[in-house]
Every structure is written in C-alpha cells, then in structure tokens.
Amino acid sequence: MSIQNSTTGEVLRSYTIDELKQQATLMRGYNLAVLCAATSGHAGGTLSIMDIAAALYLRVANHDPQNPNWPDRDRIIWSTGHKAPSLYLGLAFAGFCSKEDVALLRKLYSPYQGHPHWLKLPGVEVSTGSLGQGLSIAVGIALAGKLNQKNHHVFCIMGDGEQQEGQIWEAAMEAGHFKLDNLVGIVDRNRLQIDGWVKDVMNVEPLEEKYRSFGWEVLTINGHDMKQIVEVLENAKAKAGSGKPTVIIADTVKGKGVSFMEDQAGWHGKVPNLEELNKGLTELGLNSQIPVEQLFAHAKEYQAEVERKLDAKMPKFHRNYWWNASENMKVQMKPTRLGFGQSLAANGDDPRVVCLGLDISGSITISEFYAGKPERKARWLSLGIAEQSATSAAAGLAKEGKLPVFGTYATFAAARNLDQIRTSICYGNFNVLIAGAHGGVSVGPDGATHQALEDLFAMCGLPNMNVVVPCDIVETRKATDYLLLKQIGPKYIRFAREATPIVTDETTPFIFGKANVIRLRKEAANFIDAFETKLESHYRNEHEDLTIIACGPMVPEAMRAAWILKQDFGYETRVLNLHTLKPLDTEAIVRAARDTSVVLTAEEHQIGALAWPVASAITQSPTLYGVPVITGAIGVKDRFGDSGAPWELIKEFEVSAEHIAAKAVELIGVKKSRSGERVAEVQVVG
Ligand SMILES: Cc1ncc(C[n+]2csc(CCOP(=O)(O)OP(=O)(O)O)c2C)c(N)n1
C-alpha cells in the first residue's frame, strides 16, 4: 500500500521493483552529495542500508507524508542512528520533506541532525544515536499497538555490530515473550563495524540461531536484491497473527555501490571529498542526475545565515580576541585525546595494564596502546559495542590485579553503564581507569546523542571515584600517566575531541588534586608565553578583580577571557585550573573567593559539575562565613546539544571566552557598585 492519503485511503504512489531500484540508486547519489556537503558523517552504513530504506519508505510501509503522525501508520525505527541520512532520504523521496533540504545535514539548528531527533523532523519516529536502544523502543511501540488494537507494523533497523549490545537481547527476549507479530527487526549485516570485521571485534554469529532461540521467525536475504527485500518485508507484514516477531537478516555490503568504499572499515565514519563524490556518482551512473551544485549552494546559504545569527549573539569587545585572530598571542591546537594515547603508548609495557576496546579505538586513541607493538596485543581485549558488560569485566580484571583501561564517547563510557561503574567498580573500589572521550558540545556535528554534558555529575557523585578533566593535550598525557600507574581506585579522565589550544608544557606543574593558578603577565607572540602558571599552594595573593575557575578545554577559554578583561577593562584575573574535580582542592577555591570576592566557574558541561562543588566549598568554609562572595557560572544551560561545527557550538552554547568575559564584567560590576565605584559594560547583542 505504502504512500497514501490517510483520510481517503487513496494510494498516492506505488513503485515497481525496477522503479525502486532506480530510486535506491538516486538516494545513494544524494547521500554522497549531502555527506560531502556536511564534511562529516557515515558513508559506509548509509550505503549498505539504502535498498532496504527505499523499499520501506516507498513501497512497504503505510504512511502519509501530509499526515506524518497518522495513528495507523507503520513505524520505522532507526536503531542505528548514524545512518540518519538514509532515513532522511527515505522521508524526502516519499515526500515528507524536500530532497534539497537534506543538504542541511549536520548543520547548526538543522532538523537534519547528525543523529535523528524526532522532535525536529516530522516523519522521524524516535531519537537515536546511542546504539542498542531502538529495538527496545520498537518493542514498546509494538506493545502499545497491541494494547490499542491497531494493525500497524513496527520496523526496526539495526546494525550487525550493534548486536553486541546486551540490550538488543533483552528486547529480543521481550518481543518473543510478548509474541509481537507486529514487530519486524532488520539487521544490516554488512559484517563490518568501526574497528574492523564484526567477527574479529566481537563475533555475533550465528545470528539466525540466536533470534530463533528467542522465539523469532528468522529470514535471511540478500539486502541488495530489491525483489527479495520487498517480498520478505511484505510477507512479514502479511504474517500478522502468527504470534512471532520477525527478523530479517539482510546480507549487505558496507559502502555498496561505490567501489572504493565497499567492504572498507575506513569508510565507516568518513565522507567523500569533491573528487570522490564525482567518482562515486559516475560509478552509480548518476553523473547529471543529482543537482550537486544546487545542493551545495543551499547548504552554503543556510550556513551563512547560521554564521550571521551566531555572530549577532556574541558579546562584542574592542577588538577581535578569537583564537589566532591577532598578530600576536598565537596558539597551537591539538586534540586533548592524543595525550591519552601518548601516555598509553609510553606506559603500556607494564604487564598489569590491559586495554579494553569498545569499537571506537582509533578515534579516542586507546589503540595507541598496541600500535606498532605486537607484543602488547594479548593485553588488548576487544569487547565490541558492549559498554555495560565491559565495565563489569574491567572490574573483574582489576580484582585479579590488572590495571584495566577502557574508553569511548564519554556518554557511553560514563552514563550508559552508570550502574555497572557504581556497583562493579566503585563499590568494590577497583583500580579501573575510564576514559570519557569526546566530552562537551565541541564534539560537533554528531549532535546531542554524542555530546556528553552530564557525565561529570555522575562520576563526581560516586564514592571512591577520582575525576580529572585536563585542559590540553600535554596535561592529558600527564594526568593519564598519573592515574594509570599511581592513583589507586576508580578513576575517570574526561577529554575532548576537537583540537584545542595547548596552554601547558613540560615545566607546568601537574599535581593530582592540586589546582594551578594561571596569571596573564603581558601579551606575547605566543599565547602560552603571556601567562605564568604556578601551583596554587605556591601562589601569593595579588588582589585580582576576580577568579575564574575552569577545567578541561574551558581553561584556555578562561585564559583568553583574562586577556579580554585585561585589555578591554584593565581587570586582573586569577584563573584557577581545577583539573582535578575529585578530590576537590577546596583550599584553593576558598583562598580565591576570599582574595578576589568574585568567583566565576566555566565548564563545558551542564552547569553544576564544577559550579556546584565550587559553590559548596565556598558556602561550607567557616573562613568565609559572613564574607560576601559574588558567584556566577558559565556552562550549558540545561539543554541538549545540537549538530554543528565544534567552534560554532562553543558560541551557541555560550561557553566561549567572550561569554566568560561578559559574565565577569557583570559580576565585577556588582562588586564595584557595592563599593561605589564606576561600572564597565559589555555590549551583548542577541
Ligand atoms: C552505545 C554506543 N556505543 C558506541 C557508539 C559509536 N558507534 C557508532 S556506529 C558504531 C559501529 C556500528 O557498527 P554496526 O552496527 O555494524 O553499523 P554499520 O557497520 O552498519 O554502520 C559505533 C561503535 C554509539 N553510537 N553508541
């Protein structure tokens, strides 16, 4: 039946098998073009699922583009959220949205988020991106369908690597138990995941037998044979009343249709450049059929508007203090995560060290542990996309005297597995180092599901846990060195994805649990040389106008804010680099509050992981009873992240040096007005 008018029941468009094949090829072409325009995304998996996407959206699923919330529609759940462009193109080709608009993929404020968000785009059923959750959502929707005595179907698209998530099997059990014959699972079995072949990373086979044993009807097909796809999907729908959920295991090729992408793990999270796009379109036989220039122009125009909006929102000062915008104060930038890998490479010979792979090893640099060192391979334990089990396995390894390290995107390393961290690791007080990579909004275009903004609440709230948030690549290496080999007990290190300014060097002190004071001395050719850094306990009060307490990549932003405040307003700032959030250097905080009486915190996190412990240190200090301290907090304001370029998000989420400086001026204004002094103002337009 497919695309129809939900009021009259009239079928609006029906595609033959040949037409579906053509549409799938066109969708592949658009996919390459929009990925190229976005400059990030996932080429491999979007291409392997495209034939199935075309069949579902254009022929098999009953839905109405004019009435996306029609209660009787079939639901399509994309558990593999990273394949969002295939979902968007399915919707666009079915008429839910314009094909041209899909070129806004991964841009700030765009409905076409890096991972699908149902509140932003009609036709998207649920928000996904954290693997392994979709089948459970589909079970819930199928159960609701049964309760409501509806006849619609629920399709759930999953990856084969994704089958490693334990939650999939909880949902599979539930679907069998509840006899959900209105549920159709689809596994895109392209045999690859990020770290390589699924069979090597963590074998999931035999999938057919596994699903069968959970009470499912199992069908294996060639996921690129349109006739088979349509037949099997339509039969699955016709089987309502069988008392069994159906799973379709679709054998596919990652990167299907573009020879140089096919079966290549490296194309998982990569997109074509212009040359590769043209080559890909030629191979698909689509040279003139995709309006590439029009799509690019649309993306460019939208982007220009985003930049205008962002610029209007930014606090303005007398000159442009942005990174490397001046002739002097130059910084070098490198991703903090590289420091983590450097430390593992350097310290990995210790036979107690074992590193656990969670299928995101290159990007978070944990793979540096074994890179070029085959003798360490036995201590590299690939556990697949299974964060919860890996967390408890790490506890087991630590129990037997090993020093386990695991890491992934901070939200999957510290939130998805929170109870396992709490009970298996922290309660038992085990020596496990957890790396929360890609923390904060600066993760960029992947969007909200991949931007950890709450992880530090949980990690700092756990008894026995030690928490470090280093400020740059150098401090990340030092912190990892220390945590890995010297600190006993559970430990969490959080770092960022994007290249951020290097503001420390070999001589900069790093003592776990002890804050550093950073003071701007005078402008210099290099940003790093303009500042003096000392251990806070060695610092003598200089009666600064305020203190900015920061951690992680907000330290460089706080330093830049100190520069703005000095140049534009003549204010002196004490920057406290509070790299260790737990245990907290309470003395440094209290001294800063007493000496400067204005304390502003800056964190790339929901406000509170840093702000509330600092506030608590101040309010609980007897030496500050009755002493007026003016406080403020910079951070994410109780909202989810968004897709966008990393530095755009720093602006949008108001965690730039400019925002810190503007807030500082406001707070110093309060202090001065209390003492009757003249007050400066910042122009904040927006
Ligand atoms: C819970 C969770 N852990 C890790 C990731 C990061 N990640 C995104 S895609 C991916 C690999 C998925 O492999 P597979 O399911 O086989 O998909 P495909 O190869 O078809 O793209 C991983 C690990 C994630 N999105 N969610």
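Counting starts at 1 for both ligands and their atoms, in listed order. Here the structure is a predicted model, which is why all the values come from computation and not from measurement.
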re atom 17 (O) of ligand 1, the protein heavy-atom contact at minimum distance is H82 NE2, 3.6 Å
Per-atom contacts, ligand 1 versus I385 - under 4.0 Å to a heavy atom | 3 (N), 4 (C), 11 (C), 12 (C), 23 (C)
Which ligand 1 atoms does E387 reach within 4.0 Å, using its non-hydrogen atoms?
-> 1 (C), 2 (C), 3 (N), 4 (C)
Side chain to side chain donor-acceptor pair (under 3.5 Å) partners for E205, two or more places apart = R189
Just which atoms of ligand 1 are under 4.0 Å from any heavy atom in H450?
-> 25 (N)
So is D160 polar-close to ligand 1, meaning N/O to N/O under 3.5 Å?
-> yes
Look at atom 23 (C) of ligand 1 and say which protein heavy atom is nearest, naming residue and atom and giving the distance to 0.1 Å.
-> D359 OD2, 3.2 Å
Measure L131 to ligand 1 on non-hydrogen atoms and call it side chain, backbone, both or neither using the 4.0 Å cut-off.
-> both
Does R639 make a cation-pi contact with F653 (under 6.0 Å, within 45 degrees of the axis)?
-> yes
Assess the side chains of E604 and S442: does a donor N or O sit below 3.5 Å from an acceptor N or O?
-> yes
Among protein heavy atoms, which sits nearest to atom 25 (N) of ligand 1, and what does the distance come to when rounded to 0.1 Å?
-> G129 O, 2.8 Å
Identify the protein heavy atom lying closest to atom 24 (C) of ligand 1, giving its residue, its atom name and the separation to 0.1 Å.
-> F412 CE1, 3.3 Å
H450/F412 aromatic ring centres below 6.0 Å | yes
For the pair S79 (side chain) and M158 (backbone), establish whether a donor and an acceptor sit closer than 3.5 Å, ignoring hydrogens and angles.
-> no
Atoms of ligand 1 close to L192 [distance to a heavy atom under 4.0 angstrom, numbered from 1] | 16 (O), 19 (O)
Compute the ring centroids of W78 and F155, then answer whether they are less than 6.0 Å apart.
-> no
Run the side chain to side chain contact (heavy atoms under 4.5 Å, CB included) check on W197 and D263 step by step: do they pass?
-> CA-CA 9 Å; W197 296 105; D263 282 337; 4.3 Å; yes
Would you mind telling me which of K256, Q228, R28 makes a side chain to side chain donor-acceptor pair (under 3.5 Å) with D51?
-> R28
Counting N and O atoms only, with roles assigned by atom type, does the side chain of D195 sit under 3.5 Å from a partner on the main chain of S361, one being a donor and the other an acceptor?
-> yes
Mark up the atoms of ligand 1 that fall under 4.0 Å of a heavy atom belonging to E165, in ascending order.
-> 1 (C)
In ligand 1, the atoms that come under 4.0 Å of a heavy atom of G161 are 14 (P), 15 (O), 16 (O)
For ligand 1, find out whether one of its N or O atoms is nearer than 3.5 Å to an N or O atom of K83.
-> yes
Kindly identify the option in R191, E162, K254, Q193 whose heavy atom sits closest to atom 18 (P) of ligand 1.
-> K254
Has H42 got any heavy atom lying under 4.0 angstrom from an atom of ligand 1?
-> no
Is there a side chain to side chain contact (heavy atoms under 4.5 Å, CB included) between R376 and C355 once you walk through the steps?
-> CA-CA 10 Å; R376 293 185 186 171; C355 288; over 6 Å; no
May I ask whether G44 places a heavy atom under 4.0 Å from ligand 1?
-> no
Provide the number and element of each atom of ligand 1 under 4.0 Å from a heavy atom of G159.
-> 15 (O)
Would you call S130 a ligand 1 contact, heavy-atom distance under 4.0 Å?
-> yes
Hey, which atoms in ligand 1 end up nearer than 4.0 Å to a heavy atom of I194?
-> 7 (N), 10 (C), 11 (C), 22 (C), 23 (C)
Would you call K237 and D74 a salt bridge, using N to O less than 4.0 angstrom?
-> yes
Looking at residues at least two apart in the chain, or sitting in another chain, which of them share a ring-ring contact (aromatic ring centres under 6.0 Å, His included) with F640?
-> none
Under a heavy-atom criterion of less than 4.0 Å, does M158 contact ligand 1?
-> no
